[in-house]
Structure formats: C-alpha cells, structure tokens
Amino acid sequence: MTVRDICSEFNIGGKYISCAELSTGNINNTYQVRFLRDGEEKNYIIQRINKSVFTEPEKVMENIIKVTHHIRIKIKENDLSTKKFVLRAFRSKKDDQPFVIDDVGDYWRCYRFINNSITYDTCEDLSIIERAGSAFGKFQNYLGDFDASELHITIPNFHNTITRYEAFHQAIEKNPYRRVSKVKEEIERLCAFEEKAVKLQKYLDDGQIPLRVTHNDTKCNNVSFDKTSGQALAVLDLDTVMPGAIAHDFGDAIRFIANTCIEDDPDIEAVKLDLAKYEAFTKGFVSEVKDALTELEKSTLNLGAFAMTVELAVRFLTDYLNGDKYFKTKYPGHNVDRARNQIALATDIEYKMEQLEAIIKKYF
Ligand SMILES: Nc1ncnc2c1ncn2[C@@H]1O[C@H](COP(=O)(O)OP(=O)(O)O)[C@@H](O)[C@H]1O
Ligand SMILES: [Mg+2]
C-alpha cells in the first residue's frame, strides 16, 4: 500500500496533493502529506510505527490517545490553541481506530501537521534549549494529575537501571562473543558507577518518589517550534509515554542536549557536560515544574542525569558483549565508542556535581 492509500483509510477530508518522507526521527517512518480541502491546504503526518521497537502498537496508541486527551483539556483551560500545542491523532474510517493496519500487518497513524513548525536535530542555541526545557516541563505539569498507572507499559523496564545492570552482568558472565577481555577497563568503570546509578530506581521501587507520566524520549527534535516566532509548541513523539520518575525525563534530556559532542563521538577527551546548555535546559524545565516536585524528587534530578548516562553506557556495552544485536552499528566497535562516550560524560557529570547542584538551586 502507498502512503496515499493509507491516507484514504483515515477520516480526513479533502483531495490528496503530495507526500514527502521526513528524514528526521530515527524510529518510525514519517511522511508529511499535503491535502486540499475547501480551497485550503491541510497537512498531515503519516507514520508507520516501528513494530520491532513497539511490539504492541495498539497499546502505544491507547496511551497516546489518553495522554493527548488529557493535555487537550488543559490547553483549552489555558485558552491556548489545541491545533498548536498538542498532537491530534485521526481515526480510521472503517472501524474508528487511531491506526490503520496495512496489507503486510504494519500499523500506521495519522496526526494533524502542526502548521508552520520546525524541529531541530541538534541544538546550539541556548534560548531554544531553554524553551525545549520549558516545553517538557509544561508537559509534566499538564499530566501532573493524570494517574500514571492507567498507562500501558509498552517497553517493560525501559529505564530500570537495576535490570539493565543485571543484563550487563549476565553478558559478562556468558561472554558469548569472547569480547570481555577487549573492554576490561570500560566494564570496571561501569561496575564502579553501579551503586550510585541504581539509586534512582531504588527510590521508585521503595515508593519514596512518585510514579509520574514520563515522556521517555526528551530529545530536542521531539519539541516543535513555531518557524516564525520561535515559540515552543507541542511535544511530539509520544510512543514511549509510560510511568516513570521525573528525573528520567530531566536526566535523559541533559544527557542528550548538554553533551559537548554527539553521542557516538570517539574523541572522548572532548566529551564534557556543557554547563551553559545544562543551565539553559534546567532553567526552562525547573521553572515550570518546581512547585510540583517533592523535596526528594528535586534532589534526584541531577542523579537522573548521571543515571541515564550510565544506563545508556551499560546498554551499549551489553549489546557489544552480546554481538551488536540491538543497536544499529555502522562499524565494528561502534557500540564500544558509544559506551566510552557515555562513560566520559557520566564522569564529567560526577566531577561537576557541585556546580550542577548550585545551578539547579537557582531555579527552585
Ligand atoms: N504532528 C507533527 N507536526 C509537525 N511535524 C511533525 C509532527 N509529528 C512529527 N513531526 C516531524 O517528524 C519528525 C519525526 O517524528 P517522531 O514522531 O519524532 O518520530 P521518531 O520516533 O522516528 O523520532 C519530528 O522530529 C518532526 O520533525
Ligand atoms: Mg522523534
């Protein structure tokens, strides 16, 4: 089936004009489709959901419908435009579902395209980083009174650092590809981080911090911005919305946005935490959420930055030990470079912890 065929199965009126694949995003296949309706151009996003990552697409869509419904009510209460500030999923003509299944069993969805919007894959501009922080903070606030247990766990133990470490130790023990000896130093470093890195999960398991609705993919290209005014609009990419700790969202955003290098840069001497970017994101995020957090939660945000960075290093190295099966690799040892990069970042986060605590305090 073509994208045009898929469109015809959704309840969207008008005449199809054209379709272009968007190259941004690395999980799903995303297309921008143009329609003409009553003399006016209407744009939609059509996405094929990646079934190898999301094995239960119906549950993913159920989560998205619930969460966007809740946010839409909040947006209306705040007299904001629901066309700009929240995703809207269209339903199928045939059975009124928020997806269409094609002839080979793939799931497709259709969103309203947020007009005149843009996303940034990399972000150097501090004011944009601050606005991304505040968009993710607002997302938290809109969902602050949503019962997280209503959501499906679409990827079990996604940010469970304890089980990630268990898988790591298993890979070391089994050593199926005889690679342990090649990464002795990295293994030692990650083992030394373990006690501190799993603390956040322990707080969650012990009920010391609340389970909240978390986005779980807080990259800057998952926030749309108005092309003209630069204002942050809707938070996109809600596939991984699940129950979690607020420090997961804050920490993963810092890990991604405030690294001085890209995630797999092998020049690990250059990998540092950029304090200016850290502060910009923190300012945006914390200014939004500060009144909603418990005292313990506040103290976990920087721990989250450390834990999310270490967790990803653990995942990269586990995948290397198990034969590079999960992450797409471009060359042998790609996962080792990625792990080293994240270890270097975690080391710098730990080194700068006092400075980070001082910065975060300013915004609480
Ligand atoms: N409703 C939308 N309006 C405008 N652009 C969108 C919309 N949804 C997605 N996009 C664009 O498509 C890109 C990829 O979509 P996303 O849902 O983030 O997929 P992935 O999971 O592959 O990252 C986004 O970064 C954004 O540029
Ligand atoms: Mg995305």
Side-chain angles (χ1 to χ4, degrees), residues 3 6-7 10-12 17-35 41-57 59-61 63-65 67-69 71-72 75 80-91 98-100 106-123 125 128-129 131-132 135-136 139 154-155 158 214-242 248-249 252-253 255-257 262-263 312 326-328:
V3 173
I6 300 292
C7 288
F10 278 105
N11 209 350
I12 47 177
I17 311 173
S18 67
C19 158
E21 182 159 12
L22 299 181
S23 57
T24 57
N26 42 24
I27 300 293
N28 303 301
N29 293 86
T30 304
Y31 303 86
Q32 181 176 349
V33 186
R34 294 166 58 223
F35 267 65
E41 187 174 320
K42 301 267 180 202
N43 280 231
Y44 300 96
I45 285 283
I46 296 280
Q47 275 182 324
R48 177 168 49 212
I49 303 174
N50 184 329
K51 255 201 325 196
S52 59
V53 175
F54 302 104
T55 51
E56 298 180 294
K59 290 188 177 168
V60 168
M61 289 313 295
N63 282 354
I64 293 177
I65 294 295
V67 161
T68 52
H69 175 74
I71 296 177
R72 190 165 303 114
I75 301 270
L80 291 168
S81 159
T82 52
K83 288 189 178 168
K84 287 186 183 177
F85 293 98
V86 61
L87 280 176
R88 152 98 194 268
F90 290 92
R91 290 181 175 267
F99 52 78
V100 159
D106 275 327
Y107 283 69
W108 296 76
R109 67 176 159 228
C110 174
Y111 288 128
R112 174 187 281 133
F113 184 88
I114 297 169
N115 273 339
N116 197 40
S117 71
I118 186 169
T119 53
Y120 302 98
D121 280 331
T122 56
C123 194
D125 184 331
I128 289 178
I129 294 176
R131 277 174 256 168
F136 284 120
F139 182 82
T154 49
I155 308 180
F158 187 57
T214 44
H215 182 277
N216 291 313
D217 195 8
T218 43
K219 295 193 179 77
C220 52
N221 65 7
N222 287 331
V223 177
S224 56
F225 291 89
D226 188 289
K227 261 187 199 167
T228 317
S229 69
Q231 183 187 24
L233 304 173
V235 167
L236 310 173
D237 207 345
L238 306 179
D239 290 322
T240 47
V241 164
M242 277 182 281
H248 290 151
D249 273 0
D252 204 38
R255 182 196 69 71
F256 182 81
I257 292 171
I262 55 168
E263 204 170 79
L312 191 59
Y326 183 83
F327 294 104
K328 278 185 200 144

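Basis for what follows: all heavy atoms, side chains included, without hydrogens, waters or symmetry-related copies. When a ligand or atom number is given, it counts from 1 through the structure's own listing order.
Between D237 and ligand 1, an N or O atom pair is found at a separation short of 3.5 Å.
There is no side-chain donor-acceptor pair under 3.5 Å between N28 and T30. When only modelled atom types and interatomic distance are considered, D239 and T154 share no side-chain donor-acceptor pair under 3.5 Å.
Residue contact annotation: D237 places an N/O/S atom under 2.8 Å from the Mg ion (ligand 2). At a cut-off of 2.8 Å, N28 is not counted among the residues with an N, O or S atom near the Mg ion (ligand 2).
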**Message:** Could you walk me through whether F90 and F10 satisfy the ring pair (Phe, Tyr, Trp, His ring centres under 6.0 Å) test, starting with their C-alpha distance in whole Å, then the side-chain angles of each, then the deciding distance to 0.1 Å, before giving a yes or no?
**Reply:** CA-CA 7 Å; F90 290 92; F10 278 105; 8.0 Å; no
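Shown are D217, N221, N222; of these, the side-chain hydrogen bond (donor to acceptor under 3.5 Å, both in side chains) with K219 is made only by D217.
Contact annotation: for I45 versus ligand 1, heavy atoms closer than 4.0 Å belong to the side chain alone. Of the heavy atoms in I114, both backbone and side-chain atoms come closer than 4.0 Å to ligand 1.
Nearest heavy-atom pair, K51 versus Y107, reported as atom, atom and distance to 0.1 Å: CD-CD1, 4.3 Å. Across all their heavy atoms, V3 and C19 have their closest contact at CG1-SG, 3.8 Å.
The ligand atoms of ligand 1 that sit less than 4.0 angstrom from a heavy atom of N222 are 18 (O). Of all the atoms in ligand 1, the ones that sit under 4.0 Å from a non-hydrogen atom of L22 are 11 (C), 12 (O). The ligand atoms of ligand 1 that sit less than 4.0 angstrom from a heavy atom of L87 are 1 (N). Here is the list of ligand 1 atoms found below 4.0 Å of a heavy atom in I27: 21 (O), 22 (O). Applying the 4.0 Å criterion to heavy atoms of N221 picks out, from ligand 1, the atoms 24 (C), 25 (O).
The side-chain heavy atoms of T218 and F256, taken from C-beta on, include no pair separated by under 4.5 Å.
With sequence neighbours excluded, the residues satisfying side-chain contact (heavy atoms from CB on, under 4.5 Å) with S52 are N50.
Ligand 1 has at least one atom lying under 4.0 Å from a heavy atom of R112. Contact annotation: S117 has at least one heavy atom less than 4.0 Å from an atom of ligand 1. For the pair Q32 and ligand 1, no heavy-atom separation below 4.0 Å is found.
For K83, the NZ atom is loosely surrounded, since the number of other residues' heavy atoms within 6.0 Å does not exceed 12.
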